[in-house]
Amino acid sequence: MTDLFATTTDAQPAREQLGEGAVLLRGCVGDDEQALLVDLRTIIKAAPFRHLVTPGGHTMSVAMTNCGRVGWVSDARGYRYDPVDPDSGRNWPEMPPSLRSVAARAAAEGGYENFAPDACLINRYKPGAKMSLHQDKDELDLGAPIVSVSLGLPATFLFGGFTRHAPQKRYRLTHGDVVVWGGASRLAYHGVAPLPEGEHPVMGAQRINLTFRKTR
Ligand code: MD6
Ligand code: FE
């Protein structure tokens with residue numbers, strides 16, 4: 001008999017292990033979505049998205065901003081966490097409780113209690129934007145996980161091994177999904193395939209990704 005009360009038509013599990021210490025929590029944002037989107041709008045007004053240039057001179061296809069004590073920045077001098085937004089000369093907007101609590105709740109569900117991030121990198125993907133394979137290794141505290149919240153258009157997340165050329169697995173990340181990433185997987189290579197065209201009912205023609213980090 002069909003389940004008249006089923007809320008999804010696909011067979012994706014709520015929880016999927018990506019590797020040791022890494023888990024995909026589907027729909028983990030849940031009821032926190034409204035508060036999170038309201039606060040996100042305020043942050044983006046104070047610190048608008050911008051396309052950073054890598055130390056190698058390439059302009060990134062993903063547009064970025066930050067909130068929290070420090071923000072991730074890239075320029076000709078290299079990558080670093082900086083308390084000052086170079087575009088405004090002011091500190092980054094504070095990390096609001098709505099964002100903090102989603103991150104802490106997801107981390108706990110992923111097995112990391114008392115996650116206290118001091119940075120949230122906010123990435124905006126328009127169709128065609130991508131993130132090349134990389135490791136997140138600019139943080140001093142590699143004992144803390146990274147918590148990654150996906151909003152808007154679905155994307156293909158590439159999860160590789162511990163070398164750039166190790167084979168990767170592909171995972172579809174949709175609106176409200178959270179990846180928690182730590183332990184033995186903390187330095188795994190990962191990236192995002194070019195974003196397909198589309199229109200999301202809440203977010204429009206874009207994907208926004210929040211990555212929460214404890215940098216020190
Ligand atoms: C993104 N994410 O999903 C880019 N990093 O847009 C990341 O680079 C990332 O999702 C570390 C852990 C989870 C991530
Ligand atoms: Fe990353």
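Note that the structure is predicted; figures quoted are calculated from it, not measured.
We find the SG-CD distance between Cys28 and Glu109 to be 4.0 Å, quoted to the nearest 0.5 Å. Rounding to the nearest 0.5 Å places CH2 of Trp72 at 9.0 Å from CG of Asp136. A distance of 10.0 Å separates CG of Leu210 from CE of Met95, quoted to the nearest 0.5 Å. Interatomic distance, NZ of Lys137 versus CG of Leu187, reported as 8.0 Å (0.5 Å rounding). To the nearest 0.5 angstrom, Arg80 atom CZ is 13.5 Å from Thr215 atom OG1. Atom CD1 of Ile122 is separated from atom CZ of Arg124 by 12.0 Å, given to the nearest 0.5 angstrom.
There is a path of hydrophobic side-chain contacts, each under 4.5 Å, that joins Ile44 to Leu99.
When ring centroids are compared, Phe212 and Trp181 stay outside the 6.0 Å threshold.
Salt bridge present: Glu139 and Arg186 bring a charged side-chain N and a carboxylate O closer than 4.0 Å.
Residue Gln135 qualifies as enclosed at atom CD: its count of foreign heavy atoms under 6.0 Å is above 12. Other residues, nucleotides and ligands contribute over 12 non-hydrogen atoms within 6.0 Å of the CD atom of Glu16.
Using a distance-only test at 3.5 Å, with no hydrogens or angles considered, no donor-acceptor pair links the side chain of Gln17 to the main chain of Val23. Proximity of a side-chain donor or acceptor of Tyr112 to a complementary backbone N or O of Gly21 within less than 3.5 Å is detected. One N or O on the side chain of Arg105 and one on the backbone of Val29 form a donor-acceptor pair closer than 3.5 Å. Side-chain atoms of Asp141 do not come within 3.5 Å of backbone N or O of Lys214 as any donor-acceptor pair. A donor-acceptor pair under 3.5 Å is formed between the side chain of Arg50 and the backbone N or O of Pro48. Between the side chain of His190 and the backbone N or O of Ala188 there is at least one donor-acceptor pair closer than 3.5 Å. In this structure a side-chain-to-backbone donor-acceptor pair under 3.5 Å is present from Thr163 to Ala166. Under a 3.5 Å cut-off, the side chain of Ser74 and the backbone N or O of Val53 do form a donor-acceptor pair. No donor-acceptor pair under 3.5 Å is formed between the side chain of His51 and the backbone N or O of Thr59. Distance alone, capped at 3.5 Å, is enough to place a donor-acceptor pair between the Gln206 side chain and the Met203 backbone.
When all heavy atoms of Val178 and Ala106 are compared, the closest pair comes out as CG1-CB, 3.6 Å. Closest approach of Phe115 to Ala103, counting heavy atoms only: CD2-O, 3.9 Å. Taking each heavy atom of Gln168 and Gly160 in turn, the nearest pair found is CG-CA, 3.7 Å. The shortest heavy-atom contact between Tyr171 and Phe159 is CE1-CB, 3.8 Å. Between Ile43 and Asn66 the shortest heavy-atom distance is CG2-O, 4.0 Å. Taking each heavy atom of Glu113 and Ala108 in turn, the nearest pair found is OE1-CB, 3.8 Å.
Applying the ring pair (Phe, Tyr, Trp, His ring centres under 6.0 Å) test to His58 and every residue at least two apart in sequence or in another chain returns nothing.
Side-chain atoms of Phe49 and Ile208, non-hydrogen and from C-beta on, do get closer than 4.5 Å to each other. Using a 4.5 Å cut-off on side-chain heavy atoms (C-beta onward), Pro83 and Arg69 make no contact. Contact annotation: the side chain of Asp85 never approaches that of Asn91 to less than 4.5 Å [non-hydrogen atoms, C-beta and beyond]. Using a 4.5 Å heavy-atom cutoff, the side chains of Tyr81 and Leu140 are not in contact. When side chains are defined from C-beta on, Leu173 counts as touching Leu24, because their heavy atoms get closer than 4.5 Å. Side-chain atoms of Leu121 and Asn123, non-hydrogen and from C-beta on, do get closer than 4.5 Å to each other. Residues Arg216 and Asp118 form a side-chain contact, since some pair of their non-hydrogen atoms from C-beta on lies under 4.5 Å apart. Side-chain contact between Val73 and Tyr79: absent, with no pair of heavy atoms (C-beta onward) separated by less than 4.5 Å.
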Practice task
Report the C-alpha distance between Leu52 and Asp75 in whole Å, list the side-chain angles of each, state the deciding distance to 0.1 Å, and finish with yes or no for side chain to side chain contact (heavy atoms under 4.5 Å, CB included).
Solution key: CA-CA 7 Å; Leu52 297 177; Asp75 59 22; over 6 Å; no

Practice task
Check the pair Thr211, Arg213 against side chain to side chain donor-acceptor pair (under 3.5 Å), reporting the backbone distance first and the verdict last.
Solution key: CA-CA 6 Å; Thr211 51; Arg213 297 124 191 268; 2.9 Å; yes

Cut-off 3.5 Å, no hydrogens considered: what does the side-chain donor-acceptor table look like for residues 33-42, sequence neighbours left out?
| unit_1 | atom_1 | unit_2 | atom_2 | d |
| --- | --- | --- | --- | --- |
| Glu33 | OE1 | His175 | NE2 | 3.3 |
| Glu33 | OE2 | His175 | NE2 | 3.0 |
| Asp39 | OD2 | Ser98 | OG | 2.4 |
| Thr42 | OG1 | Val38 | O | 3.4 |

Give every donor-acceptor pair under 3.5 Å between a side-chain atom in residues 142-158 and any protein atom, sequence neighbours left out.
| unit_1 | atom_1 | unit_2 | atom_2 | d |
| --- | --- | --- | --- | --- |
| Ser148 | OG | Asn209 | ND2 | 3.0 |
| Ser150 | OG | Arg207 | NH2 | 2.8 |

